[in-house]
2 protein chains.
Amino acid sequence: MTARTTAPATRMRSADRRALVLEAATAVFGERGYVGATTEAVAKAAGVSQPYVVRMFGTKEDLFLAVLRRALDLLLATFRGAIDAGGPEHRADHADLHSRIAHSYADLLGDRGLLLSLMHGFILGSDPAIGACARDGFLEVYRLLRDEAGFAPEEVRDFLADGMLLNTLVGLRMVDAYDASPAARELLETALPSKLEFLRSLGPA
Amino acid sequence: MTARTTAPATRMRSADRRALVLEAATAVFGERGYVGATTEAVAKAAGVSQPYVVRMFGTKEDLFLAVLRRALDLLLATFRGAIDAGGPEHRADHADLHSRIAHSYADLLGDRGLLLSLMHGFILGSDPAIGACARDGFLEVYRLLRDEAGFAPEEVRDFLADGMLLNTLVGLRMVDAYDASPAARELLETALPSKLEFLRSLGPA
DNA sequence: GTCTATATCTTGATAGAC
DNA sequence: GTCTATCAAGATATAGAC
């Protein structure tokens with residue numbers, strides 16, 4: 001840990017600033033998509049200048065790739081945390097493990113930016129760089145669930161399918177229709193085991 | 001039906017031309033997303049001029065909304081066709097109905113543009129006009145499956161989840177990784193009951 | 001109905017000061 | 001490390017001819 005007591009408030013260690021920009025970028029890319037998000041909006045959200053954002057990451061595409069990679073790493077880390085949680089005595093109970101992993105995913109539902117940046121990446125598979133990164137990450141998740149969590153292939157598929165539906169409902173802002181539409185209400189209550197109240201508490205817009 | 005035998009080849013009835021542009025737009029929006037797609041690319045794909053595309057639909061947003069609406073209507077019509085297929089004697093067999101609907105969805109998998117335009121719409125829920133249209137359409141599908149196909153809420157949820165996974169795999173171009181990645185191969189073979197060969201035959205790029 | 005020309009705005013990226 | 005100024009490219013939308 002380098003001493004840095006005299007650094008002005010506008011200066012941070014580059015790693016910290018980078019993390020800050022990456023988090024802001026995740027929110028902006030999630031909301032407007034890869035092309036729709038502007039480096040200016042990211043800069044504003046991070047409280048820095050637009051050219052500085054570009055400087056830090058090279059190009060807008062590089063920035064999005066970094067956002068994607070970070071989101072995937074966070075997702076993988078979350079699942080690994082759930083696998084490790086409870087200690088060795090729980091490892092043998094497969095139903096319990098499955099439940100822990102599912103709950104750990106539900107915890108991520110509050111991070112719109114993370115989930116939707118991933119989704120935007122997933123459906124841009126035709127872009128050479130983005131597609132390669134997205135496919136890779138998706139397969140890493142698949143292998144993690146199969147090999148480290150011990151899921152059967154069909155179990156992984158069902159789990160991923162659930163995740164994609166949840167992500168879609170988040171993207172749709174389906175909670176905004178909860179009050180006005182009985183169908184929305186029923187769908188949300190069927191699809192979200194327990195996290196509905198939490199999601200609604202995040203509020204509209 | 002107005003007689004129009006003397007019309008030059010470059011002129012069509014507006015309804016036909018509109019349908020042509022809409023189909024081209026579906027492909028372009030699906031590939032690059034709402035913001036990433038340009039009216040110029042749509043025009044080129046449809047073989048007309050860029051200003052004409054704008055003229056026909058008002059704005060790019062109006063065009064995307066028309067694409068979304070058309071995709072949703074096609075999806076709903078496909079499901080209704082599956083529900084009606086086989087005549088009244090099959091209506092009582094729920095498992096058979098479920099299977100017919102699932103297969104009818106698999107038939108849509110060949111239309112990347114359709115599926116991915118929908119997905120792009122679904123994850124842009126924060127946009128006022130697009131979000132409203134997307135939520136609405138998604139709920140129409142939900143109600144169709146529940147009320148017209150007689151699915152239980154959990155059954156609808158599982159069906160929608162499967163659909164979102166399939167759409168995501170299409171968006172990811174996961175078939176491109178089939179040969180190089182055993183995990184991709186296993187995932188695709190687990191997630192796609194029978195349409196894998198067909199999807200692969202569509203080829204890369 | 002359809003095109004050409006073009007105005008206008010946005011935006012990613014670069015140059016260079018501090 | 002970070003900002004200001006600015007350029008060059010691209011994209012939507014309009015005007016107006018045919």
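Quantities reported herein were computed from a predicted structural model and do not represent experimental measurements. Residue numbering restarts at 1 for every chain, and letters A, B, ... go by the order of the sequence lines.
- Using a 4.5 Å heavy-atom threshold, the side chains of A:Glu148 and A:Phe79 count as separate.
- Nearest to the side-chain atoms of A:Ser14 among the listed nucleotides C:dG12, D:dG1, C:dC3 stands D:dG1.
- Judged as a ring pair (Phe, Tyr, Trp, His ring centres under 6.0 Å), the pairs with a partner in residues 112-137 of chain A (not counting sequence neighbours) are, in order, A:Phe122-A:Phe138.
- If you measure from atom NZ of A:Lys60 to atom C1' of D:dA9, you get 14 Å, rounded to the nearest angstrom.
- In the region residues 30-45 of chain B, proximity to DNA chain C at under 4.0 angstrom, judged on heavy atoms, holds for none of the residues.
- Ring planes of B:Tyr105 and B:Phe159: perpendicular class, angle over 60° (limits at 30 and 60°).
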Under 3.5 Å, N/O pairs linking protein and nucleotides 4-7 of chain C:
none

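- As a whole-Å value, the separation of A:Phe64 CZ from C:dT11 P is 17 Å.
- Salt-bridge check for A:Arg13 with A:Asp16: passed, with a basic side-chain N closer than 4.0 Å to an acidic carboxylate O.
- Rounded to whole Å, the distance from CD on B:Glu61 to P on D:dT12 is 13 Å.
- A cation-pi contact links B:Lys60 to B:Tyr34, judged by a cut-off of 6.0 Å to the six-membered ring centre and 45° from its axis.
- Using a cut-off of 4.0 Å between Lys/Arg side-chain N and Asp/Glu carboxylate O, B:Glu140 and B:Arg69 are scored as salt-bridged.
- The separation between B:Phe57 atom CZ and D:dT14 atom P is 16 Å, rounded to whole Å.
- B:Asp179 has no carboxylate O lying under 4.0 Å from a charged side-chain N of B:Arg185, or vice versa, which leaves the two without a salt bridge.
- Counting non-hydrogen atoms of neighbouring residues, nucleotides and ligands closer than 6.0 angstrom, the CD atom of B:Glu197 reaches no more than 12 such neighbours.
- Listed nucleotides C:dG16, D:dT12, D:dG16 differ in distance to A:Arg55; the shortest reach to its side chain belongs to C:dG16.
- Computed from coordinates, the B:Leu63 CG to D:dT12 P distance equals 10 Å when rounded to whole Å.
- As a whole-Å value, the separation of A:Asp62 CG from C:dA13 C1' is 13 Å.
- Between B:Lys44 and B:Glu40 there is no salt bridge, since none of the side-chain N atoms of the basic residue sits less than 4.0 Å from a carboxylate O of the acidic one.
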